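Down below is the structure, laid out as structure tokens.
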Amino acid sequence: MKPKQLFEFLKKSILNKLPILIKGAPGIGKTDIVKQASEEINADLIISHPVVSDPTDYKGMPTVVKEGDVIKAKFLPFNDLESLISANKLTCFFMDDLGQASPSVQASAMQLILGRRINGHKVSDQVCFIAATNRKTDKAGVSGILEPVKSRFASIVELNPDMDDWVKWALTNKVPTELIAFVRFRPNLLFNFKPSSDLTNSPCPRTVENVAKLMPLVRDTEVEFEAYSGAAGEGFAVEFLAFLKIFRTLPNPDMVIMNPDTAPLPSDPATLYALCGALAKKASDNTAERLVKYANRLPAEFSVLLIRDAIQICSQFVNTRAYIEWASNHQEVLI
């Protein structure tokens with residue numbers, strides 16, 4: 001599934017209390033999508049990390065209690081377990097990195113997922129169980145998931161990164177324009193995960209986001225290459241810095257908007273990706289007419305790219321006369 005598809009699928013699954021196991025490479029957004037889906041449907045979210053848990057964390061604390069003249073041994077629920085029993089509103093219990101947990105911890109979670117019981121205590125009907133894991137091939141310490149545990153889940157789905165979904169997220173999450181434009185230009189570098197025992201990283205949505213966080217700190221400094229290669233790999237850093245040289249010599253976007261009929265039209269694809277990204281950031285009710293004028297001069301692919309990103313940045317863009325006229329001339333394009 002693509003991120004957007006998983007997001008919609010999880011919302012329905014949580015609402016219907018269906019347990020789902022998500023698998024996929026490290027750093028592609030599994031945890032974030034679970035958080036976003038829970039927030040969207042106003043469900044409480046409890047995140048558990050089985051890899052650092054003990055079997056009693058899912059069974060309760062063994063203790064001796066006295067009931068009248070009778071002494072009994074019981075498991076007393078505590079912390080998150082108590083929350084699962086007493087939940088009075090929709091709650092998602094998310095077990096992250098389940099595949100890294102020991103077999104004993106996985107086994108202790110079985111009665112939670114399907115039996116919905118904690119040693120005699122009933123889990124609230126408001127609770128849904130979601131889990132995530134990396135794959136064995138990812139070299140993430142996953143030894144596998146017990147067969148009885150896998151079968152407890154209604155479905156096992158795999159998350160795959162998607163460039164369009166990432167760009168939509170990036171446009172509304174303060175990711176630098178030049179990085180968004182670069183991912184547009186080199187979409188294969190959004191996810192080029194190569195598991196290794198060496199102390200190096202490779203491109204994936206998480207490491208690309210780390211590049212975004214580093215950019216304000218190292219921009220135009222001598223450590224720029226080292227910082228980016230440490231975040232997302234040397235190959236990523238080499239290509240990104242080459243792209244930044246182009247981006248930093250672009251015409252001033254404000255000048256292009258001021259003179260949309262006469263502003264120069266780059267012919268190089270890398271420059272066009274960079275310029276469209278910079279112009280889209282200027283989208284507003286006031287700039288719509290001029291942006292559309294310039295978009296009409298661009299090659300069709302980049303005209304659509306500029307308008308789509310402008311809409312993501314300024315939702316009112318679609319209500320302008322300029323956009324309506326552009327859309328009527330591009331009815332074959334689904335935006």
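For clarity, every value in this text was computed on a predicted model and none was experimentally measured.
Sorted by first and then second residue, the pairs that involve residues 180-195 and meet salt bridge (charged side-chain N to carboxylate O under 4.0 Å, His left out), not counting sequence neighbours, are Asp164-Arg184, Arg184-Asp309, Arg186-Glu239.
Its side chain outside the 4.5 Å cluster rule for every partner, Leu199 clusters with none of the Ile, Leu, Val, Met, Phe, Trp and Tyr residues.
A search for salt bridge (Lys or Arg N to Asp or Glu O under 4.0 Å) contacts involving Asp32 returns nothing, not counting sequence neighbours. Considering only residues two or more places apart in sequence or on other chains, Tyr228 meets the ring pair (Phe, Tyr, Trp, His ring centres under 6.0 Å) condition with Phe240. Partners of Lys4 under the side-chain hydrogen bond (donor to acceptor under 3.5 Å, both in side chains) rule, at least two apart in sequence or in another chain, do not exist in this structure. Residues that satisfy the ring pair (Phe, Tyr, Trp, His ring centres under 6.0 Å) test with Phe93, not counting sequence neighbours, are Phe129. Residues that satisfy the side-chain contact (heavy atoms from CB on, under 4.5 Å) test with Glu8, not counting sequence neighbours, are Lys11. Residues meeting the ring pair (Phe, Tyr, Trp, His ring centres under 6.0 Å) test with Phe153, sequence neighbours left out: none. When the side-chain hydrogen bond (donor to acceptor under 3.5 Å, both in side chains) test is applied to Gln5, no partner is found at least two apart in sequence or on another chain.
Other residues, nucleotides and ligands contribute over 12 non-hydrogen atoms within 6.0 Å of the NZ atom of Lys122. Surrounding CD of Gln312 are more than 12 heavy atoms belonging to other residues, nucleotides or ligands, all under 6.0 Å away.
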Without placing hydrogens or testing angles, list every side-chain donor-acceptor pair under 3.5 Å for residues 38-45, not counting sequence neighbours.
from  : atom 1 : to    : atom 2 : distance (Å)
Ser38 : OG     : Val34 : O      : 3.0
Asp44 : OD1    : Lys89 : NZ     : 3.4

Check residues 12-28 and write down every donor-acceptor pair under 3.5 Å in which the side-chain atom is one partner and the other belongs to a residue at least two apart or another chain.
from  : atom 1 : to    : atom 2 : distance (Å)
Ser13 : OG     : Phe9  : O      : 2.9
Asn16 : ND2    : Lys12 : O      : 2.8
Lys17 : NZ     : Leu15 : O      : 3.4

Would you give me the side-chain donor-acceptor pairs under 3.5 Å for residues 246-262, sequence neighbours excluded?
from   : atom 1 : to     : atom 2 : distance (Å)
Arg248 : NH1    : Asp220 : OD1    : 3.1
Arg248 : NH2    : Glu224 : OE2    : 2.8
Thr249 : OG1    : Lys245 : O      : 3.3
Thr249 : OG1    : Ile246 : O      : 2.9
Asn252 : OD1    : Asp254 : N      : 2.8
Asp254 : OD1    : Lys282 : NZ     : 3.3
Asn259 : ND2    : Met255 : O      : 3.3

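With rounding to the nearest 0.5 Å, the separation of CD in Glu158 from CG in Leu6 is 11.0 Å.
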